[in-house]
Number of protein chains: 2
Amino acid sequence: MTIRDVARASGVHVSTVSRTFSAAHLVNAQTRSRVLAAADELGYRPNRAARALSTRRTGNLGLIVADIANPFFPPLIKAAQSQARARDYHVFVADTDEQARVEEELVRSMAKQVDGALLVAPRLSNRVIAELGRDVPFVLVNRRVSGLPGVLMDVAAGARQALEHLAGLGHREVAVLTGPRASWTSQEMVRAAEACAGEHGLRLHRIGPNPPTEEGGAASADEVVASGVSAVLAYNDMVAVGLVQRVERLGLTVPADLSVVGVDNTHAARYFRPALTTVDMPVAAAGRGAIDLLLQAVTTGEPPGTVSLDTRLVVRDSTARR
Amino acid sequence: MTIRDVARASGVHVSTVSRTFSAAHLVNAQTRSRVLAAADELGYRPNRAARALSTRRTGNLGLIVADIANPFFPPLIKAAQSQARARDYHVFVADTDEQARVEEELVRSMAKQVDGALLVAPRLSNRVIAELGRDVPFVLVNRRVSGLPGVLMDVAAGARQALEHLAGLGHREVAVLTGPRASWTSQEMVRAAEACAGEHGLRLHRIGPNPPTEEGGAASADEVVASGVSAVLAYNDMVAVGLVQRVERLGLTVPADLSVVGVDNTHAARYFRPALTTVDMPVAAAGRGAIDLLLQAVTTGEPPGTVSLDTRLVVRDSTARR
DNA sequence: ATGAAAGCGCTAACAA
DNA sequence: TTGTTAGCGCTTTCAT
């Protein structure tokens, strides 16, 4: 079913059919309904790929994340996808397996097929990101690169709240388990934690980088114990969970012997026992906001600015007075 | 950067450049390397949308799921996406919010843009699915529709194992919390549970349909308690978790007063306390397998058959002797 | 092995 | 308001 079939069936020229679908106001109301009726009858649907060829707009967006199975991402993907769909855009979702190389290749291979892309918590260097930004308009989530639009979740504020919470509970020696080296979130956490530690007279032990997984958390347990800290701020909930499980196997109890704070407020944080004290990230809002910024960039050509979203500490049962 | 730029730079005709990328064996080795060099130099990348117009192959696949944020799906999406990427396909991921209407609209709107689609645990009726199957080749996951290829996870076997496990623990009155009415998985569970209950002299109470969420499980708690059963097989882990939380608020203890079995073996099942006894679903294998079948259907035009994958009961701490 | 030319389905000046 | 025409970037006969 092509535009020609519809044109023939409704007795008008193809361009009239085209207009009916892409600039309805340019066509006479009666003609339009005749065309629409014929199209409906024939089950015609515009071919977006063909349209893309002349408009240079595909109606597709790319969404690139480090690991779909990491529970941080699905709610963000869902929100972004839903927002995009509401604007009649389709979303390609791809997973980089935490590898910068794959991420770069993915952006390049998508570049021609999408009008823009969302890079969520990218693992690429700022330099490469800036370079790729010349190929496709994109919006970054949880990464600040000057000149590029982004949505940031204010994890620094969350980390600060977490450390103040720990300080208030009497902890003096605190470890921060860092995440992947290329993670902006991790860097922010560390920066904020260090500043905050200074203000509150805490001694901060930096342990990492760790893979952003349970295994990563488990693997750092020995070092945590050896460091003699009484509290830990982990890169994310999965790391926190892995750490707790391992230290409990070593004979410690959480939170009696060790307080642990996670980040992300994923399901795991609620289900786990002890339920995790964690930094809540506004992922759905970030997903929607990022799509809005991206579409703004795409439609106006103007790179929009950077948006920062609040985070907040959720206190549960994995932290206690020292 | 188009094929013309490359042609000009390498001193050949556009059709030669085209062949270099789509049928390399038809072009002289030296010419080919000259073209490749020029293309590389210019950073040329074939425009897939343009290519699609003449080949009628987009290189895209659709992946439609009921709810990205339901932890059952992400590992499946990840596996499917990764498998597709290895075959040089991109995948559109879309979320239907559990609504059959949205699902249908999504398939229709993707139809022209993809070479095939994966429908995971569709909520549509068999009739509509069969009808859509004429527009786009697709593969179903967890749904059997005669004539359409599919990957099924043998939840019936899992349900049977679960009931035998419960029977072995001395339970005689068992409830099954059904899921969405249109869910094949839910229907299979019930069928298998009923057959199995007959064989083992259990009395089975069917309670549902329930939304496949924690709220769904919580909402059925009263009915579960009123029914006087000592064990429950829930539609999935989230329903199980919701149920457990609510019955504990009602003063019961799991598993002492009530044994609960989930389905899916999501993260929640491991983190939750008591850790859930649950039916493990081979989601990653299903995702990969479905992509393989789909690509086979797409490339050969022959609809492949149906594959069934084993499930197994994972016994943890939410079930106990009556 | 390569070039020439037509066409995939649609849009977008331009003309009428 | 509608029709005419020339492409968008690529593939694919058909010649050479």
Side-chain angles (χ1 to χ4, degrees), chain A residues 1-36 38-39 42-60 88 90 108-115 135-136 299, chain B residues 1-36 38-39 42-60 88 90 108-115 135-136 299:
Chain A
M1 274 313 134
T2 83
I3 211 174
R4 311 180 86 90
D5 299 308
V6 178
R8 198 172 311 124
S10 48
V12 297
H13 195 267
V14 292
S15 53
T16 302
V17 178
S18 173
R19 285 185 201 104
T20 307
F21 286 96
S22 45
H25 60 282
L26 293 180
V27 29
N28 178 296
Q30 296 179 26
T31 322
R32 189 195 318 155
S33 48
R34 200 144 41 87
V35 170
L36 253 18
L42 299 175
Y44 166 81
R45 291 240 167 189
N47 180 325
R48 301 179 79 158
R51 175 179 287 177
L53 208 48
S54 44
T55 58
R56 290 150 178 296
R57 281 288 181 73
T58 61
N60 300 331
D88 200 27
H90 286 163
R108 291 227 143 89
S109 75
M110 277 191 177
K112 290 281 181 29
Q113 281 219 288
V114 300
D115 300 335
D135 287 9
V136 215
T299 50
Chain B
M1 276 311 137
T2 83
I3 212 173
R4 310 180 88 91
D5 300 306
V6 178
R8 198 172 312 124
S10 49
V12 298
H13 194 267
V14 291
S15 52
T16 302
V17 178
S18 172
R19 285 184 197 105
T20 306
F21 287 97
S22 47
H25 60 281
L26 293 180
V27 31
N28 179 296
Q30 296 180 24
T31 321
R32 189 194 317 156
S33 47
R34 201 146 40 87
V35 171
L36 255 18
L42 299 175
Y44 166 81
R45 292 237 168 191
N47 179 325
R48 301 179 79 161
R51 175 179 286 176
L53 207 49
S54 43
T55 58
R56 290 147 177 299
R57 280 287 181 74
T58 61
N60 299 331
D88 200 27
H90 285 164
R108 291 229 144 87
S109 76
M110 277 191 176
K112 290 281 179 29
Q113 279 219 290
V114 300
D115 300 335
D135 288 7
V136 216
T299 52

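Chain identifiers are assigned alphabetically (A, B, ...) following the order of the sequence lines, protein sequences preceding nucleic acid strands; residue numbering begins at 1 within each chain. Quick caveat, the model's predicted, so the values are computed rather than measured.
Between the CZ atom of Arg57(B) and the C1' atom of dC8(C) there is a distance of 15 Å, rounded to whole Å. If you measure from atom CD1 of Ile3(A) to atom C1' of dT11(C), you get 8 Å, rounded to the nearest angstrom. Computed from coordinates, the Met1(A) CE to dC10(C) C1' distance equals 16 Å when rounded to whole Å. dG9(C) atom P lies 15 Å from atom CZ of Phe21(A), rounded to whole Å. Per the geometry, CG belonging to Leu42(A) stands 15 Å off C1' belonging to dG9(C), to the nearest Å.
Side-chain contact of Ser18(A) with His13(A): a donor-acceptor pair under 3.5 Å is absent, judged by distance alone.
Counting only heavy atoms from C-beta outward, the side chains of Ile3(A) and Phe21(A) never approach each other to under 4.5 Å. You'll find the side chain of Arg48(A) stays beyond 4.5 Å of the side chain of Thr58(A), heavy atoms only. Inter-residue side-chain proximity for Thr2(B) and Asn47(B) is flagged as unmet; no heavy-atom pair is nearer than 4.5 Å.
Contacts between chain B and DNA chain D, taken as any atom within less than 4.0 angstrom of a protein heavy atom, begin and end at dG9(D) to dT13(D).
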Measure all distances between protein nitrogen or oxygen atoms and nitrogen or oxygen atoms of nucleotides 1-4 of chain C, and list the pairs falling under 3.5 Å.
from   : atom 1 : to       : atom 2 : distance (Å)
dT2(C) : OP1    : Thr31(B) : OG1    : 2.3
dT2(C) : OP2    : Asn28(B) : N      : 2.9
dG3(C) : OP2    : His13(B) : N      : 2.8
dG3(C) : OP2    : Thr16(B) : OG1    : 2.8
dG3(C) : N7     : Ser15(B) : OG     : 3.4
dG3(C) : N7     : Arg19(B) : NH2    : 3.4
dG3(C) : O6     : Arg19(B) : NH2    : 2.5
dA4(C) : OP2    : His13(B) : NE2    : 3.3

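Residue Ser22(B) is classed as a sugar-phosphate contact, given heavy-atom separations below 4.0 Å to backbone atoms only.
One distance of note links CZ of Arg57(A) with OG of Ser54(A); it measures 12.5 Å at 0.5 Å rounding. How far CE of Met1(B) is from NZ of Lys112(A): 9.0 Å, rounded to the nearest 0.5 Å. Atoms OG and NE2, on Ser109(A) and His90(B) in that order, are 3.0 Å from each other to the nearest 0.5 Å.
Counting heavy-atom neighbours within 6.0 Å of Arg108(B) CZ, excluding the residue itself, gives a total above 12.
Between Arg51(A) and the phosphate of dT11(C), there is a side-chain N or O to OP1/OP2 separation shorter than 4.0 Å.
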